[in-house]
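Take a look at the structure set out below.
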Amino acid sequence: MDTRRALLSALESGPVSGPSLADELGVSRAAVWKAVEALREEGFAVESGDDGYVAPADPAYCAAGIEFGLDAPYAVEYHEDLPSTNDRARALAAERGADVAVVADAQTGGRGRLEREWVAPSGGVWVSVLTRPAVSPARAPLFTLAGAVAVADACREVGVDATIKWPNDVLVGDSDGGDGGNGRDGGNGRDGGNGRDGGNDEGRADPVDRGGRKLAGILTEMEGEADRVSWLVVGIGVNANLDPETLPAGATSLRAERGGDVDRRRFLARLLERYADLTADPDAILPSWRERTSTLGRRVRVETPGGTVVGRAVDVEPPGALVVETDDGRRRIHAGDCEHLRDAG
């Protein structure tokens with residue numbers, strides 16, 4: 001463990017003196033002091049007291065702040081702004097990086113499918129997690145579903161009753177059986193979710209409040225061979241402390257739904273911890289997803305590469321395929337744009 005991470009770990013249990021930390025790590029006191037100064041420069045305002053160094057009472061939204069107390073195996077790379085957190089994570093993958101969460105306060109150049117523009121301003125939670133899971137490419141869609149579960153759980157812990165529309169749109173307000181999906185870009189895998197790094201798509205024709213107001217979405221990208229994934233990036237975007245007036249029609253934010261801001265540092269830490277727990281046990285992902293979805297049991301219309309499928313969604317099978325009961329029998333759909341429909345009457 002490097003001096004910086006060791007210092008963050010030591011600060012979790014209270015004040016720590018420079019000499020004791022230097023002795024424990026076998027480094028000089030000057031090295032400890034440099035680590036403290038580096039944390040301060042990041043925005044993690046370490047204080048000096050009679051008993052030694054003390055963590056800030058309210059850590060900032062920065063790399064050290066997110067890592068402080070984080071119970072997940074990820075290093076955090078934080079940027080004030082980036083064109084795309086997914087692009088940065090892919091660059092790290094090319095450099096043999098792994099287990100990194102790339103976080104940006106704002107994204108300035110995200111693009112969705114069909115060159116749509118994506119809104120990812122300051123105040124949201126924009127993160128891309130780079131891992132190298134020991135799974136085959138066929139199982140990669142499970143990681144997209146794990147991201148959706150992690151987001152839904154983090155939202156629920158701050159008092160927002162989020163649900164998941166297949167495969168990975170996180171919505172709120174979908175319990176009344178309203179028609180239609182909110183956002184039509186929910187493919188599974190490389191095209192999945194809320195677009196480039198989970199931003200908000202501009203220029204959509206979908207009416208407001210069709211199937212719920214959109215809080216978040218996910219885009220998964222990967223590279224691999226026939227039998228294994230080389231690297232996998234799950235890009236997650238959550239409309240956290242944003243005003244709905246700044247978002248496209250049909251989108252909402254945690255601020256709007258709960259009537260106040262969330263602590264983004266704690267929210268993101270919880271999201272990363274939940275994602276780590278789920279992906280450490282892939283067999284737990286689908287049962288967890290089923291418990292949080294608003295799609296199963298609903299009549300749906302799914303636009304697939306092979307045509308439109310209409311029926312009742314009855315299950316999701318590995319690695320994330322939607323099973324739809326139609327008039328002509330059951331269909332198993334691996335990718336498509338899903339809309340919820342009203343039952344007759």
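A salt bridge does not link E37 with K34: every distance from a Lys NZ or Arg NE/NH1/NH2 to an Asp or Glu carboxylate oxygen is 4.0 Å or more. For the pair K165 and E339, the salt-bridge criterion is not met [side-chain N within less than 4.0 Å of a carboxylate O]. Salt bridge absent: R301 and D337 never bring a charged side-chain N and a carboxylate O closer than 4.0 Å. The pair K214-D169 meets the salt-bridge criterion, with a side-chain N (NZ, NE, NH1 or NH2) lying under 4.0 Å from an Asp/Glu carboxylate O.
The distance from atom CG of D2 to atom CG of L25, rounded to the nearest 0.5 Å, is 9.5 Å. Between the CG atom in L219 and the OG atom in S84 there is a gap of 8.5 Å [rounded to 0.5 Å]. Between the NE2 atom in H334 and the OG1 atom in T304 there is a gap of 11.0 Å [rounded to 0.5 Å]. Atom CZ of R312 sits about 9.5 Å away from atom CZ of R298, to the nearest 0.5 Å. Taking CG of D71 as the reference point, atom CD of E12 lies at 9.0 Å (rounded to 0.5 Å). For the atom pair CG of N168 and CD1 of I218, the computed distance is 5.0 Å after rounding to the nearest 0.5 Å.
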- request: List the steps and the verdict of side-chain contact (heavy atoms from CB on, under 4.5 Å) for I333 and W166.
  value: CA-CA 11 Å; I333 302 170; W166 183 85; 4.0 Å; yes
task: Go through S128 and N86 one step at a time and tell me if the side-chain hydrogen bond (donor to acceptor under 3.5 Å, both in side chains) criterion holds.
output: CA-CA 6 Å; S128 295; N86 261 34; 2.5 Å; yes
task: Could you walk me through whether L130 and L232 pass side-chain contact (heavy atoms from CB on, under 4.5 Å), step by step?
output: CA-CA 6 Å; L130 165 64; L232 185 143; over 6 Å; no
Chi angles and distances behind the side-chain contact (heavy atoms from CB on, under 4.5 Å) call for V129, L272: CA-CA 9 Å; V129 184; L272 293 173; 3.7 Å; yes
message: Show, in sequence, the C-alpha distance, side-chain angles and deciding distance for Q107 and T85, and conclude whether the side-chain hydrogen bond (donor to acceptor under 3.5 Å, both in side chains) test is met.
response: CA-CA 7 Å; Q107 291 184 118; T85 57; 3.2 Å; yes
task: Test T163 against R292 for side-chain contact (heavy atoms from CB on, under 4.5 Å), laying out the working first.
output: CA-CA 5 Å; T163 61; R292 292 154 180 81; over 6 Å; no
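Donor-acceptor pairing under 3.5 Å is recorded for the side chains of S122 and D105. Inspection of the E223 and S230 side chains reveals no N or O donor paired with an N or O acceptor under 3.5 Å.
Distance alone, capped at 3.5 Å, is enough to place a donor-acceptor pair between the W126 side chain and the P121 backbone. Within the 3.5 Å criterion, the main-chain N or O of D161 finds no donor-acceptor partner in the side chain of R156.
In D281, the CG atom is crowded: over 12 heavy atoms of neighbouring residues, nucleotides or ligands sit closer than 6.0 Å. Dense packing is recorded around CZ of R332, with more than 12 heavy atoms of other residues, nucleotides or ligands lying under 6.0 Å away. Heavy atoms of other residues, nucleotides or ligands lying less than 6.0 angstrom from CZ of R331 number 12 at most.
Cluster annotation: L296 is connected to L145 through the hydrophobic network of ILVMFWY side chains, with a link wherever side-chain heavy atoms come within less than 4.5 Å. Hydrophobic clustering (side-chain heavy atoms under 4.5 Å, transitive across Ile, Leu, Val, Met, Phe, Trp, Tyr) keeps V54 apart from V36.
Heavy atoms only, all atoms of each residue included: T295 and T293 are closest at N-OG1, 3.0 Å. Scanning both residues, N241 and V262, for their nearest heavy atoms gives OD1-N, 2.9 Å. Across all non-hydrogen atoms, the minimal contact from P73 to A276 is CD-CB, 3.7 Å. Of all heavy-atom pairs spanning P141 and P137, the tightest one is CD-O, 3.9 Å. The two residues A313 and L322 have their closest heavy-atom pair at CB-CD1, 3.9 Å. Across D261 and R255, no two heavy atoms sit closer than the pair OD1-NE, 2.5 Å.
By the 4.5 Å heavy-atom criterion applied to side chains, F267 and L254 are counted as neighbours. Side-chain contact between R290 and D315: present, with at least one pair of heavy atoms (C-beta onward) separated by less than 4.5 Å. Using a 4.5 Å heavy-atom cutoff, the side chains of S253 and D243 are not in contact. Annotation: side chain of S288 is in contact with side chain of L278 (closest heavy-atom distance under 4.5 Å). A 4.5 Å side-chain heavy-atom check between D153 and R270 finds every atom pair outside the cut-off. Considering only heavy atoms from C-beta on, T131 stays 4.5 Å or farther from W231 through its side chain. Contact annotation: the side chain of I164 never approaches that of V151 to less than 4.5 Å [non-hydrogen atoms, C-beta and beyond]. The shortest side-chain heavy-atom distance between H79 and V102 falls under the 4.5 Å cut-off.
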Cut-off 3.5 Å, no hydrogens considered: what does the side-chain donor-acceptor table look like for residues 55-67, sequence neighbours left out?
{"unit_1": "E67", "atom_1": "OE1", "unit_2": "R4", "atom_2": "NH1", "d": "2.7"}
{"unit_1": "E67", "atom_1": "OE1", "unit_2": "R4", "atom_2": "NH2", "d": "3.2"}
{"unit_1": "E67", "atom_1": "OE2", "unit_2": "V76", "atom_2": "N", "d": "2.8"}

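Partners of Y275 according to the ring-ring contact (aromatic ring centres under 6.0 Å, His included) rule, which considers only residues two or more places apart in sequence or in another chain, do not exist here. Residues forming a side chain to side chain contact (heavy atoms under 4.5 Å, CB included) with V16 (at least two apart in sequence, or on another chain): L7, A10, L11, S20, L21, Y53. Residues that satisfy the side chain to side chain contact (heavy atoms under 4.5 Å, CB included) test with V314, not counting sequence neighbours, are V323, E325, R330.
Listed by first and then second residue, the salt bridge (charged side-chain N to carboxylate O under 4.0 Å, His left out) pairs that reach into residues 121-146 are R139-D283, sequence neighbours excluded. Applying the ring-ring contact (aromatic ring centres under 6.0 Å, His included) definition to pairs two or more places apart or across chains, none involves residues 8-34.
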